[in-house]
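Report on the structure given below.
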Amino acid sequence: MLPYPSGKLHMGHVRNYSIGDALARYMWMRGYNVLHPMGWDAFGLPAENAAIKRSMHPREWTLSNIAHMKAQMRRLGFALDWNREISTCEPEYYRWNQWFFLKMFERGLAYRREARLNWCPECGTVLANEQVVNGCCWRHETTPVEQRAMQQWFLKITAYADRLLDDMKQLEGGWPERVLTMQRNWIGRSEGAEVDFDIEGCADKIRIFTTRIDTIYGATCLILALEHPLAEKLVTDAEGRLKIKEAIDRTARQDPDSLEKIGLFTGRYAVHPFSGAKIPIWLGNFVLMGYGTGAIMAVPAHDERDFEFCQRYNIPIAPVIRPVAGEDGLPYVEDGVVENSGEWSGLGSEEARRKMTAFAREHSFGEAAVTYRIKDWGISRQRYWGTPIPMIHCPHCGIVPVPEKDLPVLLPLDVTITGTGKSPLESVDWFINVNCPKCGGAARRESDTMDTFVDSSWYFYRYCDPHNEHAPFQTSTIARWFPIDQYIGGITHAILHLIYSRFWTKVMHDLTLISNAEPTKNLFTQGMVLKGGTAMSKSKGNVVDPDEMVARYGADTCRLYTLFAAPPEKDMEWDESSVDGQYRFLGRVYRFVTRNAAREDGRATGASDREALRKLHQTIRKITNDFDSRWHFNTSIASLMQLVNELYTLEADLSAEAARTICEKLTLMLAPFAPYTAQDLWDTLGHNGPVFRQTWPAFDSELAKEDLLEIPVQVNGKLRGHIHTPLGAPKEQLEQLALENDKVTAFVEGKRIVKIIVVPDKLVNIVAK
RNA sequence: GCCCGGGUGGCGAAAUCGGCAGACGCAAAGGACUUAAAAUCCUUUUCGCCGCAAGGCGAGUGUGGGUUCAAGUCCCACCCCGGGCACCA
C-alpha cells in the first residue's frame, strides 16, 4: 500500500508519455488549450473532444506524441498491425484511406507495377524500402528480407521529392538537424546528366547517369547492372546467361558490407559519344538497377569503385582531371581542371559539366538529369489487416477503381489466416469475385491491403474531427490545430513515419483539404531507453516492462524516475536502483503538505518565512525557465527536491500562513510531473476540481532575491576565500572586501598586485606576482 | 570511409552566456528514534597528502597543446564510445 495516491499510467512508452504529458499539463496551466490526443487521460477528462468543446483558454497549442499513436489510432478505428492484432471492420477508417487512395489514383499518384521487393518471410508480406533495417524487417530484426518480384501498388512519393527537400527550410530550427540530415540523405537528390552510348552492331542505346560528365573522357568502359533489361539482349549465349544468373545469386548471398565486385564482359562495345572511341560493355554486380538508369560509365582514374573494378579486370585507366594546385589526397571525386579531353581540356570541372551537358543536348545524345535515392512508396501488403485497396481487375477494362459511392470496401470477417504468404483474402470467394463497375462483367477484386503506415500518416488530422461522415475531416474544423506546434517521438521514425506524414500532408495540401504544407512545426526526439547499454528490442530480449515498477511504486514515481534519470533528449539506461529516491521524494512532499495544509498554531511570521518564500520563488523561476526553454526536467525535479529539503529544515519556524502558501505552490509545481499525487494534495488543501486547471504559479523576482551574496575570491585564478555583500554592491566595495579578507591576504602578501578583476555579484579575481 | 551525438566521483547526473566543478538523486558509512526491524529524521561521502583536532595543501572534467586574469565550457591535434549513412555513379 502506497502512502500517497499512485494513479495509473499506460506503460507503452513510459518516457515519451512522461515528457509529453508534463508539457501538456504545463502548457494548459500556462493558459493554452492543449490538443493532446492521449494526454487527457492524465488530465482526467473523459473524452478527447470534451477538451475542445470546453475551451477555456484563448490561446491554443497542439501537442502530439508519436508513441501515443497506437492508442490514438485505436480510438479512431485505424487498424493496428503491431501485435498482429486482427482488427474488426472499422468502416470509417477504411472509407477515408480508400478515398485518399482513389484521389491519388486519379492524379497518377497511385499506380501498380511489377517490382522486385523486400519480402519478410516472418510477416508473409512485402515491405517498403524504409521498413528494411540492416537487411532485415523492421518488425523482425533478425529475419533477413528476401527479394520477390510481384505486382505491387505504389504511391508516387518521388513526385514530391523536391518539395520534401525544399520545405525543410520551414523546419530548420524547429526540427533536430539530425533528422533533417537523415531525410535529406534518404531522399538523396543528385544532379547530373544522362548520356546515351551507341552499341556497336545494335540499334539500342545504353543510357547512363553521371554526376561527373566532366570526367567522361576518362570513361574506359560501361557497366550495366546484372538485372539491366539490355543484359539479355547483349548476352545471347546460354553459357553467358547462366553466368549472369550465377552472379546474381552469388551477390544476393554476400554480406552487403563487404561485397566482392563481380564483372562479366558482354563481348560487345559501345561508342563514346564525345571521343568516338570504342569501349567495352561490362556487367557489374555493384551497379544498382534501382538507381539512376541502372548503367554507368566507369571512370577508374577518378572513382574509387570504378578503379577497383577496372584494376581487377585489367581495363585501362585514363586520368582526365588535374587536381587544383594545393589540394592533395585522392583525385577520385574532387573537382579540378579537365585535361586529355579534346576541346574541353583546360576547363574547370564545373564549367566543363555545364558545357558538356549542353553539347550532349545539342547533339541529342544526353541531357541534364536529377536522380533521387528515394523510391516510390510500396504500400501493398499481403496481410489480412489493413485497408483493402479499392481496385478491381477486369479482364476487359483493366484496372478499374471502385466507385466512390461503393466505399468503404470492408474486410470479410470469415477468413482463415494461413500464414502461407498468399494474401488470406485470396481464398474468400465472395470478396474476390465481383463484377466490373465499368462493363459489369466478371472481375476480381484486388486482394492486397494497405501498409498501416498509411494510417499513421494522417491520423492526427482525423483525430481533430473524428466523427465526420462526409469527408476525412472538415477543413475549417481542424485548421486551427495545424501545423502541430510540438511533436514528440523517437528518432526511429526519422525516415519512416516522419517522411510519410510529410508526404501525406503535401498531398492533402494539393487536394486543398489543408493550408499547411508541413504537418508539424517543431519536432522533439527523445533519447532511447537502453538496457545493458543497447536499445531495447524484442530480438535482443532486453525489453523491460515498467508495469512492475508501477505496481510497486505507483505511476507518479515511475514518471519522476523517467524524467529525473537524464535530460529527455539523451539516451537513458533503465536502472531501477535509483527509483527509491523518487519514491522517497514524493513521500516527503506528501508528508510536508499534509502536515501543513491546515495548521492552526498561530506561529508568527519571521526570518524563516522570508527564507522559505525566497527559495519557493527561486524554484518557480527555475522550473518555469526549464519548461519555457529546454525541458530539462531532471533539473526541474532536482530544484523541487532542494526546495523540499530546505522546507524540512525551516518547517518548525514557519508561520501557518507562509506554510499554506508554499504548500499550494509546491503542489501546483508538482502537477506536471506527478499528477495524481498533486491532485490528491490539492484536494487535501481544501480545493475542488482538477489541479491542472489552476494557473501556473508566477514568481516574484523581489521575493526571489538574495539579501546577502556569498562571492568567491580568487588569487591568480584559484579559489582562496569568500566575501559577503548585498546584491548589486559596487565594484570598489567588492574589491576592498576581497583585499581585507584574511585568507586572501595570506596569499597576496609579499606579492605585487597586478590587476583585480571584479564581476559584480559573481566573483573577484586578484592577479598578483 | 563520410555525417551527427557524446566522454565529468563507485553509479545516474548538474554547472543554461568563459566566472566557486560535482547541485539533485542512487549506493555506501555513521548517528537518532525503536525491545527489534521496517519506515522516518539527521550527518559524512571526488581523489591524494599533512594534522589529535578545527582545519590546511595539492591534484582533478578522455589525451596533448593553445587562447584568457579565469577553460568541463572557446581554438588546434589526437584517442575512445554510441548512433546514422555507405558500392547511390
Side-chain angles (χ1 to χ4, degrees), chain A residues 3 176-182 184-186 188-190 192 208-212 215 219 223 256-261 284-288 290-299 302-306 308-309 333 371-374 491-492 494-495 527-528 530 533-535 560-561 564-567 569-582 584-585 587-588 591 622 625-626 629-630 632 634-645 648-649 710-722 743 746 754-759 761-768:
Chain A
E177 196 48 52
R178 187 159 63 126
V179 175
L180 295 179
T181 307
M182 282 166 80
R184 223 172 262 130
N185 290 342
W186 189 261
R189 179 190 157 100
S190 51
I208 61 105
F209 173 76
T210 179
T211 55
R212 294 298 303 274
T215 65
I223 310 172
D257 289 346
S258 53
L259 187 68
E260 184 202 359
K261 285 191 172 53
N285 66 336
F286 73 101
V287 178
L288 305 172
Y291 184 78
T293 59
I296 63 162
M297 62 175 193
V299 184
H302 304 294
D303 183 284
E304 214 174 335
R305 300 151 300 176
D306 296 348
E308 199 190 312
F309 185 88
V333 288
T371 305
Y372 300 91
R373 206 190 87 111
I374 194 172
I491 189 74
T492 43
I495 48 174
M528 289 181 295
L530 311 177
T534 45
L560 279 180
Y561 162 71
F564 185 76
E569 73 277 7
K570 222 187 132 173
D571 290 348
M572 70 170 269
E573 176 72 23
W574 190 264
D575 173 16
E576 300 199 6
S577 66
S578 63
V579 74
D580 281 340
Q582 310 311 313
R584 283 198 277 262
F585 167 65
R588 276 164 76 80
R591 285 189 294 276
K622 161 79 183 148
N625 180 43
D626 278 344
S629 60
R630 54 176 205 169
H632 280 199
N634 53 331
T635 63
S636 309
I637 294 166
S639 70
L640 276 178
M641 287 172 169
Q642 280 182 60
L643 171 64
V644 172
N645 290 349
Y648 266 62
T649 63
E710 191 184 57
I711 292 174
V713 181
Q714 300 178 336
V715 178
N716 293 330
K718 284 191 175 162
L719 179 70
R720 296 302 178 188
H722 288 99
K743 286 179 182 156
V754 181
K755 203 192 306 186
I756 301 179
I757 286 123
V758 180
V759 186
D761 296 336
K762 272 273 152 92
L763 153 145
V764 179
N765 188 12
I766 300 166
V767 187

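Since the structure is predicted, the reported quantities are computational estimates derived from the model, not experimental observations. Atom set for the values below is all heavy atoms of this structure, side chains included, hydrogens, waters and symmetry mates excluded. Throughout, protein chains are lettered first and strands after them, A, B, ... in sequence-line order, and every chain is numbered starting at 1.
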Between A:Ser190 and A:Tyr291 the two heavy atoms that sit nearest each other are OG-OH, 2.8 Å
Quote, to the nearest angstrom, the C1' distance that separates B:G72 from B:U8. 7 Å
Between CD of A:Gln582 and P of B:G12 the distance, given in whole Å, is 16 Å
Any strand, both distances under 3.5 Å, Watson-Crick or G-U wobble: B:A23 pairs with none
Winner on side-chain proximity to A:Arg720, out of B:A89, B:C26, B:C57, is B:C57
Can you tell me how far C1' in B:A21 sits from the matching atom in B:G9, rounded to whole Å?
11 Å
Cation-aromatic face contact A:Lys261/A:Phe286, 6.0 Å, 45 degrees | yes
Under a 3.5 Å limit on both distances, the Watson-Crick or wobble mate of B:A13 is none
Pairing partner of B:C52, by Watson-Crick or G-U wobble and under 3.5 Å for both distances, is none
In B/S/- notation (B base, S sugar-phosphate only, - none; protein heavy atoms under 4.0 Å), nucleotides 16-24 of chain B written 5' to 3' is B--BB--BB
Looking for any heavy atom pair under 4.0 Å, which part of the strands does A:Ser190 touch: base, sugar-phosphate only, or nothing? sugar-phosphate
When rounded to whole Å, the CZ to C1' distance for the pair A:Arg184 and B:C2 reads 16 Å
Review point. Is the closest side-chain heavy-atom distance between A:Val715 and A:Val767 below 4.5 Å?
Key: no
| Taking atom types as modelled and ignoring hydrogens, do the side chains of A:Thr635 and A:Lys622 form a donor-acceptor contact shorter than 3.5 angstrom? | yes
Rounded to whole Å, NZ of A:Lys570 lies from C1' of B:G7 at a distance of 9 Å
To the nearest angstrom, the CG-C1' distance between A:Asn716 and B:U68 comes to 13 Å
To the nearest angstrom, the NZ-C1' distance between A:Lys718 and B:G58 comes to 8 Å
Picking from B:G83, B:C11, B:A13, the nucleotide nearest the side-chain atoms of A:Arg178 would be B:G83
Original post:
If you measure from the C1' atom in B:C47 to the same atom in B:G22, how many Å do you get, rounded?
Top reply: 13 Å
**Asked** Is there a side-chain polar atom (N or O) of A:Arg373 under 4.0 Å from OP1 or OP2 of B:A86?
**Response** yes
Using Watson-Crick geometry (N1-N3 plus N6-O4 or O6-N4) or G-U wobble (N1-O2, O6-N3), each under 3.5 Å, B:A38 is paired with none
| query | Do A:Ile757 and A:Gln714 come close enough that some side-chain heavy atom pair is under 4.5 Å? | reply | no
A:Glu569 atom CD is separated from B:G83 atom P, nearest whole Å, by 18 Å
In short, A:Ile223 meets A:Gly284 closest at the heavy-atom pair CG2-N, 3.3 Å
> So, A:Trp186 versus A:Tyr372, ring centres under 6.0 angstrom or not?
Replying inline: no
Task: Geometric cation-pi criterion, A:Arg588 with A:Tyr648: 6.0 Å, 45° - done: yes
Practice problem: Could you give the distance separating B:C87 and B:C81 at their C1' atoms, to the nearest angstrom? | Solution: 27 Å
A:Arg584 CZ to B:C26 P, in whole Å, measures 5 Å
Shortest non-hydrogen pair, A:Val579 vs A:Tyr561, comes out as CG2-CB, 3.8 Å
B:C26 glycosidic conformation (syn if within 90° of 0, otherwise anti) is anti
C1' spacing across the pair B:C20 / B:A15, given as an integer number of angstrom: 11 Å
task = Identify whether any heavy atom of A:Tyr372 sits under 4.0 Å from a base atom; if not, whether one sits that close to sugar-phosphate; answer base, sugar-phosphate or nothing.
result = nothing
Worksheet item: Is A:Ile766 close to A:Val713 at the side-chain level, that is, under 4.5 Å between some pair of heavy atoms?
Response: yes
Per nearest nucleotide of RNA chain B, the residue lying toward the 5' end, A:Thr181 or A:Met572, is A:Thr181
inquiry  = When the P atoms of B:U45 and B:A77 are compared, how many Å lie between them, rounded to an integer?
reply    = 42 Å
Applying the 3.5 Å cut-off to both distances, the Watson-Crick or G-U partner of B:G1 turns out to be B:C85
Ranking A:Val579 and A:Met182 by the position along RNA chain B of their nearest nucleotide, the one closer to 5' is A:Val579
Closest to the side chain of A:Ser577, out of B:C87, B:C26, B:C69, is B:C26
Euclidean distance for C1', B:C80 against B:A71 (whole angstrom) = 22 Å
So what does A:Val287 hit on the nucleic acid, given a heavy-atom distance under 4.0 Å: a base, only sugar-phosphate, or nothing? base
A:Arg591 CZ to B:C42 P, in whole Å, measures 10 Å
Taking atom C1' in both B:G51 and B:C57, what distance in whole Å separates the two?
11 Å
Exercise for review: For A:Arg189, report the nucleic acid contact type (base, sugar-phosphate, nothing); a contact means any heavy atom under 4.0 Å.
Suggested key: nothing
Classified by glycosidic angle (syn within 90° of 0, else anti), B:G55 comes out anti
Answer for the Watson-Crick or wobble partner of B:G58, both distances under 3.5 Å, is B:C47
Paired to B:C74 by Watson-Crick or G-U wobble criteria (both distances under 3.5 Å) is B:G66
